[in-house]
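Report on the following structure.
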2 protein chains.
Amino acid sequence: MESKQAIQALGALAQESRLKIYRLLVEAGPQGMAAGDIGEKLGLPPATLSFHLAGLSRAGLAKGRQEGRFVIYSADFQNMDALVGYLTENCCGGQACAPAAKAQRRR
Amino acid sequence: MESKQAIQALGALAQESRLKIYRLLVEAGPQGMAAGDIGEKLGLPPATLSFHLAGLSRAGLAKGRQEGRFVIYSADFQNMDALVGYLTENCCGGQACAPAAKAQRRR
DNA sequence: TCCACATTTCCAATAATATGGAAACGTTAG
DNA sequence: CTAACGTTTCCATATTATTGGAAATGTGGA
């Protein structure tokens, strides 16, 4: 992952509505959720919701697929993994250390 | 972790200079790095650097300790862990699914 | 004490982002 | 074809973040 992508993804999540949307999508899993349902659940007007969904999509954290009259959004788990990896890259200069050991256990 | 904290942490990282600083600190490990060295390495003027370091500190991602005339900054690995946990909470509604299995392997 | 150095605070200009109403667009059912 | 529905685009407004020079603050050495 490159710096620009990471910044875009982090920026996308650094906003109340988008963070709520993302977490809702994580909870929904690969099955996803219709845009309208998200808006209703979070009390967001259509224009605002669309704006934020577009942000999450541009950041690669969510993607929408058309299904009939609905657009179903779901979280992109792969990209989140890449993001987390980017944030802990080269931890402690690659030497053995507490954080590195912890990161090791994670993988 | 609460929504507000997460947003602050994500927002702190969603900026080129701060992301660079944070990754530098991750690489430096618990030993940390003097503010001046960070500024020199990244080519940031003092005021700008201080502004960004304050942002990372407020977000709980870095902390500074006075050491002689220097202020040494280091990454807060614990808070980053909490943040990652927050982002993947209740994945797929707690049911077994691909992302959940992956997350399981991580812990 | 006084000076040199490291870092922070103050401040004003500039830039980027969020909000939501109204209108446009695409899709399906009748 | 037409109407109804879901979603997006357009747009103006409001809010928040970023930048860096200059001055203030803190710290240790001479």
Side-chain angles (χ1 to χ4, degrees), chain A residues 3-25 28 31-76, chain B residues 3-25 28 31-76:
Chain A
S3 163
K4 265 194 181 174
Q5 293 174 37
I7 289 167
Q8 200 168 32
L10 290 162
L13 293 170
Q15 206 278 342
E16 190 176 351
S17 297
R18 282 192 302 263
L19 184 55
K20 280 185 187 167
I21 294 171
Y22 181 77
R23 280 165 47 92
L24 211 53
L25 292 180
Q31 169 186 347
M33 207 166 170
D37 291 347
I38 299 171
E40 196 183 358
K41 194 142 190 175
L42 300 183
L44 295 171
T48 303
L49 174 68
S50 195
F51 171 77
H52 289 310
L53 284 172
L56 286 170
S57 295
R58 251 184 290 109
L61 291 169
K63 43 191 174 183
R65 58 181 195 273
Q66 186 101 26
E67 230 168 74
R69 284 195 289 196
F70 302 87
V71 180
I72 310 289
Y73 281 89
S74 53
D76 186 328
Chain B
S3 164
K4 265 194 182 175
Q5 292 174 40
I7 288 167
Q8 200 169 31
L10 290 162
L13 293 170
Q15 206 277 343
E16 191 176 351
S17 297
R18 282 193 301 264
L19 184 55
K20 280 185 188 168
I21 293 171
Y22 181 76
R23 279 164 47 91
L24 211 52
L25 292 180
Q31 169 187 347
M33 207 166 169
D37 291 347
I38 299 171
E40 196 182 358
K41 194 141 191 175
L42 300 183
L44 294 172
T48 304
L49 175 67
S50 194
F51 170 78
H52 288 309
L53 284 172
L56 286 170
S57 295
R58 250 184 290 109
L61 291 169
K63 44 190 172 183
R65 58 180 194 272
Q66 187 99 25
E67 229 168 75
R69 285 196 289 193
F70 304 87
V71 179
I72 310 289
Y73 281 89
S74 54
D76 186 329

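When reading the values below, keep in mind they use all heavy atoms of this one structure, side chains included, and skip hydrogens, waters and symmetry mates. Every chain is numbered from 1 and lettered A, B, ... according to where its sequence line falls, protein lines coming before strand lines.
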Problem - B/M33 and B/K41, any side-chain heavy atoms less than 4.5 Å apart - result: yes

Under 4.0 Å: is that the gap between some side-chain N or O of [X] and OP1 or OP2 of [N]?
X     : N      : answer
B/Y73 : C/dA6  : no
A/R18 : C/dT17 : no
B/R69 : D/dG29 : no
A/H52 : C/dT17 : no
A/T48 : C/dG20 : yes
A/Q66 : D/dT8  : no

Practice task
Remember a base hit wins even if backbone is also touched, and classify A/P45 as base, sugar-phosphate or nothing at under 4.0 Å, heavy atoms.
Solution key: sugar-phosphate

Exercise for the section: Describe the nucleic acid contact of A/A35 in one word from base, sugar-phosphate, nothing, applying a heavy-atom distance below 4.0 Å. Expected result: sugar-phosphate

Handout entry: Pairs where residues 52-71 of chain B contributes a residue and the test side chain to side chain donor-acceptor pair (under 3.5 Å) is met, not counting sequence neighbours
Key =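 Every side chain to side chain donor-acceptor pair (under 3.5 Å) pair that includes a residue of residues 52-71 of chain B, provided the two are not neighbours, is B/R18-B/H52, B/R65-B/E67.
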
Exercise for the section: Take the C1' atoms of the five end pairs on each side of the helix from C/dT1-D/dA30 to C/dG30-D/dC1, get both axes, and report the angle to 10 degrees. Expected result: 30°

Fill in the blank from the handout: Side-chain contact check for A/A47: nearest option of D/dA22, C/dA22, D/dT19 is C/dA22

Exercise for the section: For B/F70 and for A/G68, locate the closest nucleotide of DNA chain C by heavy-atom distance; then report the residue assigned to the nucleotide nearer the 5' terminus. Expected result: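 Upstream on the strand: B/F70.
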
